[in-house]
2 protein chains.
Amino acid sequence: MAMVSIKDVAAHAGVSPGTVSNVLNRPGKVAPATRERVEAAISELGFVRHGSASTLRAGHSRTIGLSVIDIGNPFFTEVAAGVEDVASELGYAVILGNSAGSPDKEDRNLRVLSEHRVRGVLITPSGEDPARLDRLREHGISVVLVDHPAHRPDQCAVAVDDVAGGRAAVAHLLAKGARSVAYVTGPLTIRQCMERREGAKAAMLAAGLDPGELRVVEATTMTARAGEKAAAELTAGPLPEAVFCANDLLALGVLRALLRAGVRVPEDVALMGYDDIDFAAASTVSLSSMRQPTYQLGRIATELLLDECDNPETHAHQHIMFQPELVARESTQ
Amino acid sequence: MAMVSIKDVAAHAGVSPGTVSNVLNRPGKVAPATRERVEAAISELGFVRHGSASTLRAGHSRTIGLSVIDIGNPFFTEVAAGVEDVASELGYAVILGNSAGSPDKEDRNLRVLSEHRVRGVLITPSGEDPARLDRLREHGISVVLVDHPAHRPDQCAVAVDDVAGGRAAVAHLLAKGARSVAYVTGPLTIRQCMERREGAKAAMLAAGLDPGELRVVEATTMTARAGEKAAAELTAGPLPEAVFCANDLLALGVLRALLRAGVRVPEDVALMGYDDIDFAAASTVSLSSMRQPTYQLGRIATELLLDECDNPETHAHQHIMFQPELVARESTQ
DNA sequence: CGGCGGTAGTAAAACGTTCTATTAGCGGAG
DNA sequence: CTCCGCTAATAGAACGTTTTACTACCGCCG
């Protein structure tokens with residue numbers, strides 16, 4: 001347990017601790033000869049800077065927090081990959097928090113992030129309570145919303161138009177001839193689920209149908225397992241001609257259950273997912289879906305956050321809204 | 001940017017900073033009346049403890065590092081979910097590092113983790129260089145290997161028997177009547193890929209075949225896209241009767257490419273994956289695979305790590321080796 | 001009534017950095 | 001030869017906690 005400090009390095013190189021600090025942080029400020037001496041001492045002693053001490057004194061860390069709703073969902077995994085890539089390029093560490101849809105857990109995670117004095121937080125909020133995020137801001141922690149429109153003007157946000165997505169999805173189903181549509185969704189407290197439903201209704205209205213006819217099946221989570229359960233509910237009554245699912249995991253579950261029940265897709269029921277995760281194209285019946293620029297979402301959000309942190313005076317807050325893209329496959333032929 | 005410190009709380013509650021610290025860390029040591037007063041002050045001022053200061057003084061943090069090879073792979077995502085669950089239950093934060101198979105990136109990540117003075121590190125090493133991990137240990141950072149056997153006795157490790165897995169997979173293919181087998185793998189520098197190949201050869205030997213006949217196609221990454229490319233190489237020559245893939249992502253890619261090339265699975269070629277990710281069961285032709293206790297891998301590794309950190313004197317190092325389980329589906333009917 | 005043991009709380013020193021003055025050294029302009 | 005300006009390096013305070021040693025107080029026993 002050899003804890004080598006900056007002092008040891010200084011002694012070994014015959015300089016003062018301040019000089020070592022300068023070598024570490026502003027190498028330009030120190031004469032080449034001494035710099036080399038210090039660098040030699042550093043590698044010789046195996047010194048590694050104590051991040052906490054540095055954070056304490058400097059007042060800020062090189063760490064950001066990422067809070068997502070479900071790390072098991074490939075959508076968020078891909079977002080996380082984008083975040084991690086940018087962060088790592090710029091020398092930031094990422095602390096991962098998985099809220100699993102529970103606001104309590106999200107709160108706990110945000111508390112941990114506050115204690116770590118992260119530079120900023122990327123979050124896909126699971127509820128609609130901006131107060132907690134405002135509290136972070138009051139503590140000087142920048143917040144960028146991911147896959148969620150901004151709560152307020154002086155804040156960055158990167159989102160995808162979910163109303164448009166829901167509308168395009170259901171419009172596509174209706175164009176294929178379906179007259180009755182079911183919407184299999186996660187908890188309607190989740191904004192994405194709610195807005196995709198609004199879009200779905202708008203599409204029905206535009207097609208001259210009664211939006212009230214949209215049959216909504218609400219699952220408690222957005223997983224394949226939950227999709228299977230939801231499908232059971234569908235097959236219990238008269239089958240709709242089309243099913244729109246709030247994400248691909250639900251859709252894959254619904255697909256599996258329908259096929260097992262002897263329902264043909266798309267002949268008996270047309271099926272649409274959302275997110276266009278990699279596996280949508282590879283499933284039993286390849287799945288039509290709404291593609292979102294997932295990896296880009298993570299990258300851009302992180303770039304905005306780090307710009308806000310590193311250049312607070314020149315930073316301009318941005319609200320970015322992507323448009324989702326329809327990908328038609330077998331499940332809606 | 002109201003930075004409330006323990007001193008402010010102390011002043012507000014009319015006590016000394018030391019007492020506030022006691023309320024935070026050993027509430028039993030302080031009289032109920034004062035404790036309440038302090039707690040009131042804490043919530044009134046919105047105080048949140050400065051983790052770095054605490055880490056600096058106490059000498060250790062409540063943070064662990066997790067370094068995986070590919071966060072985009074559902075296998076690792078599920079491991080991460082297990083890790084996150086246990087860590088969060090015990091009040092630890094998790095710093096995520098994605099090595100993307102590059103030892104350089106892994107090194108960078110480990111350096112970041114060292115700087116953060118994490119309590120311990122969970123790692124699926126991408127190479128076979130134990131030296132870097134030993135360096136961590138010298139700095140007092142515990143290391144637990146995940147999905148990898150132990151490098152040394154005084155270390156915990158949680159692994160799955162990859163040789164046995166490879167053997168079982170290929171034995172299954174041979175039992176279904178295949179005589180020629182191809183192995184589509186990621187880089188053979190990855191231990192898992194190598195050992196599964198050894199298992200595959202052992203199975204051929206046991207069946208009276210020449211292990212040298214195993215046709216090995218080495219992809220540069222272990223993704224579906226890489227699988228598609230590898231399949232192109234397969235379809236170029238005479239088709240093998242069976243293909244064993246080092247993981248399910250490769251297998252899904254191979255499957256997609258084979259079907260597109262008009263090759264029937266399993267009639268023309270039997271196909272096996274590895275990991276049994278959720279999507280294996282849902283794919284076009286449902287995929288036979290080797291199931292591993294993935295979530296448990298993450299959970300148990302984290303429990304071992306935190307036990308090692310929190311009870312260093314009573315902790316007994318463990319090498320846990322799980323056995324994978326064959327799951328037969330359509331692709332090997 | 002003096003001393004003893006226990007509890008509740010305090011003061012002050014650490015932890016390893018960064019940062020702000022400050023000094024030392026030196027070349028060149030006046 | 002003095003003074004200015006500049007670079008290179010230093011000393012020492014500060015960041016917000018935790019911890020150790022200490023004091024103050026109270027009740028109780030002898």
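Letters A, B, ... are given to chains in the order of the sequence lines, protein chains preceding strands, and every chain is numbered from 1.
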Query - Steps toward side chain to side chain contact (heavy atoms under 4.5 Å, CB included) verdict (Tyr92(A), Thr302(A)) - result: CA-CA 10 Å; Tyr92(A) 277 80; Thr302(A) 311; over 6 Å; no
Query raised in the report: Donor-acceptor pair, Thr124(A) side chain versus Val146(A) backbone, under 3.5 Å?
Result: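 It does hold such a pair.
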Query raised in the report: Closer than 4.0 Å, any side-chain N/O of Ser21(A) to the OP1 or OP2 of dT18(C)?
Result: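 So the side chain of Ser21(A) is within the cut-off, an N or O lying under 4.0 Å from OP1 or OP2 of dT18(C).
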Atom-to-atom span, [atom1] of [X] to [atom2] of [N] - whole angstrom:
| X | N | atom1 | atom2 | value |
| --- | --- | --- | --- | --- |
| Asn25(B) | dG16(D) | CG | P | 17 Å |
| Ile6(A) | dA11(D) | CD1 | C1' | 14 Å |
| Arg117(A) | dG16(D) | CZ | C1' | 9 Å |
| Met3(A) | dG16(C) | CE | C1' | 11 Å |
| Arg26(B) | dT17(D) | CZ | C1' | 12 Å |

Decide whether [X] and [Y] meet the rule of one side-chain donor and one side-chain acceptor closer than 3.5 Å.
| X | Y | answer |
| --- | --- | --- |
| Ser52(A) | Arg117(B) | no |
| His139(A) | Ser114(A) | no |
| His317(A) | Asp154(A) | no |

Requested in this report: Starting at the 5' end of nucleotides 9-15 of chain C, put B wherever the base has a protein heavy atom under 4.0 Å, S where only the sugar-phosphate does, and a dash everywhere else.
Outcome: SB--BBB
Requested in this report: Could you tell me whether Glu106(A) and Arg132(A) make a salt bridge, using a distance below 4.0 angstrom between a side-chain N and a carboxylate O?
Outcome: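 Looking at Arg132(A) together with Glu106(A), the answer is yes, because their closest N to O distance falls below 4.0 Å.
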Query raised in the report: Hey, does Ser54(A) reach any base, or is it just sugar-phosphate, or nothing, if we go heavy atoms under 4.0 Å?
Result: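 It contacts sugar-phosphate atoms only.
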